[in-house]
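Before any comments, here is the structure.
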Amino acid sequence: MIRLSEIDKYYSSKFQRTFVLKGINLNINEGEFVSIMGPSGAGKSTLLNILGLLDHPSEGQYHLLDQPVHQLKEKTKTEYHRNYIGFIFQAYHLIEDLTLYENIETPLLYKGVSGKERKSIVADLLDRFNIVAKKDLFPEQISGGQQQLVGIARAIAGKPKLLLADEPTGNLHSDQGEMIMKLLQKLNKEEDMTIIQVTHSEKNATYGSRVIKLVDGMIQSDEKA
Amino acid sequence: MKRFFKTLYRGIKKNPLNSAINLFGLTLGFSCIITITIWIQNELSYDTFHENSDKIYRVHRYFYNPDGSENLHLPNVAPPVAPMLEKELKEIEYIARTKSASFTFIRDNKLTRESEVCFAEPELLEIFNFVGLPIDDNLLEEPLTMIISDEQALKYFNRLDVIGEVISFYTRDGQKQDLKIVGVFNKWNQNSLFHPEFLISFITFESFAGEEEMNSWGSNNYETFALIPHLPSDIDAQLDNIIDEYLEDGTSWTKIRIEALTDIHFNWHSNKTYIYVLASISLLILIIGSINYLNLNLAMYSRRLEEIKVRKIMGASPKKLISQLVGESVLFCLSALFLAAGIVYLFIPEFNHILGSPLQFVLTDNFPMIAGFILLTILTGVVSVLYPAIVLSAFNPISTRSNEGLSFGKNSFRTGLVIFQFFVSIALITSFLIVYKQLSYIQHKELGLQKENIIVIPTTPQLVEKLDVFRQELTSNPNILSVSGSKRVPSDGLWDNNGAEVESDGNVRTIDFRLPNVRVDEHFLSTYGVPLIAGRNFDETDGDYSGYLINEQAARQIGWESAEEAIGQVISYGGQRANVIGVISDFHYESLHVPISPIILYKDPSSFNRVSIRVSPFERQQTIELIEKTWQQYNIPNYSFYYEFVEDNYNRLYRSEQNIKIILTYFMVIAISIAVLGLIALSLFMIQRRVKEIGVRKVNGANTSELMVMLNKDFVKWVIIAFAFATPLAWYAMSSWLENFAYKTQLSWWIFGLAGVLALGVALLTVSLQSWRAASRNPVEALRYE
């Protein structure tokens, strides 16, 4: 599903290039649950951004669903965001002025899903995540764990093939973190959703099927969890 | 205190764009207010320097149509009015007639044309302030005596003790007369209705004009002033009684009224409405500037929220916080005021140059004004910061609400302010477009005559006698096409009037409307290009009063169905019976403020004051020189030559409208640029607040154009709301303005639409620049660090 070959990411200054990622070669198949780990500054988030088409590699090729996406134009990238990729953030990044219901609905609006269908998808998600009663609240009125639930609900509302999570439990205490990880695992197992998460936690990594360790922008190890 | 300035300085340094926009808006706002205040002060200062200025009145005359509507309002009255009032109205202490004139004076064989000459009765010296005159009760009592201003004494004699000296002039029939100087007064340098330089005894005029003129109720050419120390409350009723007593059918067709001296400038030479309107607009501009200030302050404060939270936790009282904010704001506004004062000081000469106004920006003797401005400034400073200051200091430091800042952006109060800015801008654009359209309508309206390339020069009885020869000599030059003599020329007023009767089938019917006359010769129609519709023009064989031409309007109002029907009818005009020999097409003799009046034309060379000459547009300067040379030969040698273009005179009729257009243009540009700058800063702020949201939406599949629609939507909505409010107001204001014109342009819907589209375009352009930048940015930047 994902094929990275010889991906470099660097920033050029006057005299030298600073590499964030160097020579990344990586294949990820559909249905995998991959955890990217590594110390701060290892390039984890940059790799995730490149995978999510939010950033572009300086060198190398990236094939997503057999398409050379490193050649895509901005407009087509938006299409990928609409149809294939969902994001979960450490800081949840819910839209404050919208209710939980409206937050979950957002990607469906951009995807052009009909009103009736949107209603049933959102209702279904609210039901699944047990937050029906809170659907009219605003993000600030609920706890962090619940905000992240909404964040996940929003990310999967559009039925993406690839779910990218940047430290999804980083801001949560352990009980809530565990709940979120279990949910991700369930999504991976039951719905065959490909998930790539960046995490610091060894424990969280165990929920996945594969662990990639990044050090100084290079893959140090790639093994089964 | 030191800390206070430090905080202020850092605030400005941190937000240079916002501070600059604030300063710009407030400074322009204050500049407009200062300029308008000086202007109004100047307008109000007219004729206030006389000791008795609040007791001096001018006598006016009104004429009415048979249906009771007002026909004519003159600021001058007939000669018998003053003696009548003096006799009948005991409250009058003094009353004096004056008759202004222009003269060519001769001194040491040098000719000087003077226009500030005035025949005046001796009582005038008691009514107005004339300083420096000798103590002599008989000043201006004797024929051929005059008093002159000190400036003129210096001009003519190079000294001030000129009593007993003489200045000469030629009468209309060519006789040289000496005027003896009996006094010198200090020239009036203040703003005044008139600036007399030479006052000649009125009795001199009476001997020229003759007894008939002095007893005529029809010659309303005398500006008459009265000193009335205690004005009776029923003055109008008393005046009506007097008129009813003296004139047959008295008040049914004419009335006498008095007008306070200090009101005259405002009522006649200025326009109260314009002043109110301009004062309101400049206040609006200040408000727009203040709104920017308020809005941007709100924006800046919401960024200072962290600081304020910390300060509050550390024990700062709301009072202390508010006073810091208010103090900063007042100081900021005061610096804008100083800047504005400097700008006004520099700009006033230019302003005077554009508008021909005599404004001066003098600070030293204007303490109340300065105090007023400082007060206004402090008020502006306090008002524009009080709301955010109170909101901020009431803000609970441990609120769970977002740490992004208070939701000022959603605030309906703030939205209202922005809508108000658009409202003012749209109203100004609309008004400007309509004024512009009306003025271009005036400029391009067919007047029914050819006003271009006509030069008007003065004439004397000597020249009138030889007018045919003069004409032949001039027209032998190919650049001179036509020459015509007349009493007055088109673009002057239709001041000459007389009673008229129509005879039909042996019945005599009095014409019940005002039928002013135009006294011309047989070349008038060809010179001015006025078409003859029926009958014939005058010819050389016609004598004075041997036939009448009327315009279509006159024929219509008399009741003749067609122009042909009028031919051969008998009109008795001012007692002179003659046939209507022709009907001419209607043309605009007067300005487009008034409808075309019925007129009657007849030959009367003895009354001629002017010669109109149609010239070719080529070699104009040589032509004028030729005319002057020829004129000098034919004229008595003692008159100075001058000329004017009829077209210029027509344009001068719309001077105040032209001025309004200029001022409105300035105001509009200022208002819009302040609003646009405010919009830039505001949209920048609002979009910055939503950067994270934009990022989130982007990763959820929004594209740039969808995001721009989202960001611009609010602004479009605001413009539309403002448009909905501004349009009826502008429509109402501009239709009342157009009421000033008898001939007006259409208030087409597209003007309003255009104003709305312009405002929307400007707003969208301003906002889109910001929103495009925000929407096209890589969302990673917005979402990276938390």
Side-chain angles (χ1 to χ4, degrees), chain A residues 9 45-46 48-50 52-56 73-98 102-113 138-144 150-151 153-158 160 164 166-167 170-171, chain B residues 302 305 309 395-412 414-415 685-714 717 771-786:
Chain A
K9 179 72 185 178
S45 291
T46 306
L48 200 71
N49 285 338
I50 289 174
L53 303 181
L54 295 178
D55 208 345
H56 51 89
K73 278 192 226 145
E74 196 59 39
K75 217 172 167 184
T76 345
K77 281 185 184 168
T78 304
E79 288 303 314
Y80 273 81
H81 287 147
R82 283 181 186 175
N83 298 315
Y84 304 120
I85 307 172
F87 286 92
I88 304 167
F89 303 95
Q90 177 179 5
Y92 332 131
H93 284 328
L94 300 182
I95 298 172
E96 283 169 30
D97 297 334
L98 302 183
E102 289 162 345
N103 264 292
I104 299 173
E105 196 184 19
T106 308
L108 300 175
L109 283 169
Y110 290 124
K111 208 174 165 182
V113 177
F138 288 92
E140 63 182 23
Q141 293 167 305
I142 59 173
S143 75
V150 176
R154 181 179 64 187
I156 64 174
L164 300 172
D166 194 351
E167 303 217 30
N171 282 7
Chain B
S302 67
L305 212 60
K309 263 188 200 172
F395 178 68
N396 181 356
I398 49 162
S399 158
T400 52
R401 183 94 174 124
S402 87
N403 52 4
E404 273 281 307
L406 295 176
S407 62
F408 285 125
K410 279 244 150 188
N411 198 306
S412 59
R414 186 171 179 173
T415 311
F685 164 72
M686 290 180 65
I687 288 165
Q688 271 172 4
R689 272 187 62 245
R690 298 177 77 172
V691 160
K692 196 188 84 176
E693 178 190 337
I694 293 165
V696 173
R697 286 183 185 272
K698 251 194 137 169
V699 300
N700 276 297
N703 63 29
T704 308
S705 53
E706 280 163 335
L707 288 172
M708 278 183 68
V709 168
M710 178 188 85
L711 293 171
N712 290 350
K713 206 172 54 192
D714 281 345
K717 203 167 70 194
S771 52
W772 185 79
R773 265 201 343 223
S776 60
R777 202 155 42 182
N778 190 335
V780 174
E781 290 169 37
L783 303 176
R784 188 173 285 156
Y785 302 112
E786 267 301 321

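These numbers were taken from a predicted model, which means no experiment stands behind them. Just the heavy atoms: all of them, side chains too, but no hydrogens, waters or symmetry mates, feed the values below. Each chain gets a letter, A, B and so on, in the order its sequence line appears, and its residues count up from 1.
With a threshold of 4.5 angstrom between heavy atoms, A:L94 approaches chain B through N, CA, C or O but not through any side-chain atom.
Nearest heavy-atom pair across B:N778 and A:L54 is ND2-O, 2.7 Å. The two atoms that bring B:G701 and A:Y110 nearest to each other are O-CB, 3.6 Å, heavy atoms only. Closest heavy-atom contact between B:V699 and A:H81: O-CB, 3.8 Å.
Within the 4.5 Å cutoff, no side-chain heavy atoms of A:E96 are placed close to those of B:E693.
Within 6.0 Å of OH in A:Y84 there are 12 or fewer heavy atoms belonging to other residues, nucleotides or ligands.
Rounding to the nearest 0.5 Å places CG of B:N700 at 9.0 Å from CG of A:L108. Here the CG-OG1 distance, from B:L707 to A:T78, works out to 9.0 Å after rounding to the nearest 0.5 Å.
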Would you check, one step at a time, whether the test side-chain contact (heavy atoms from CB on, under 4.5 Å) holds for A:R82 with B:N703?
-> CA-CA 10 Å; A:R82 283 181 186 175; B:N703 63 29; 3.4 Å; yes
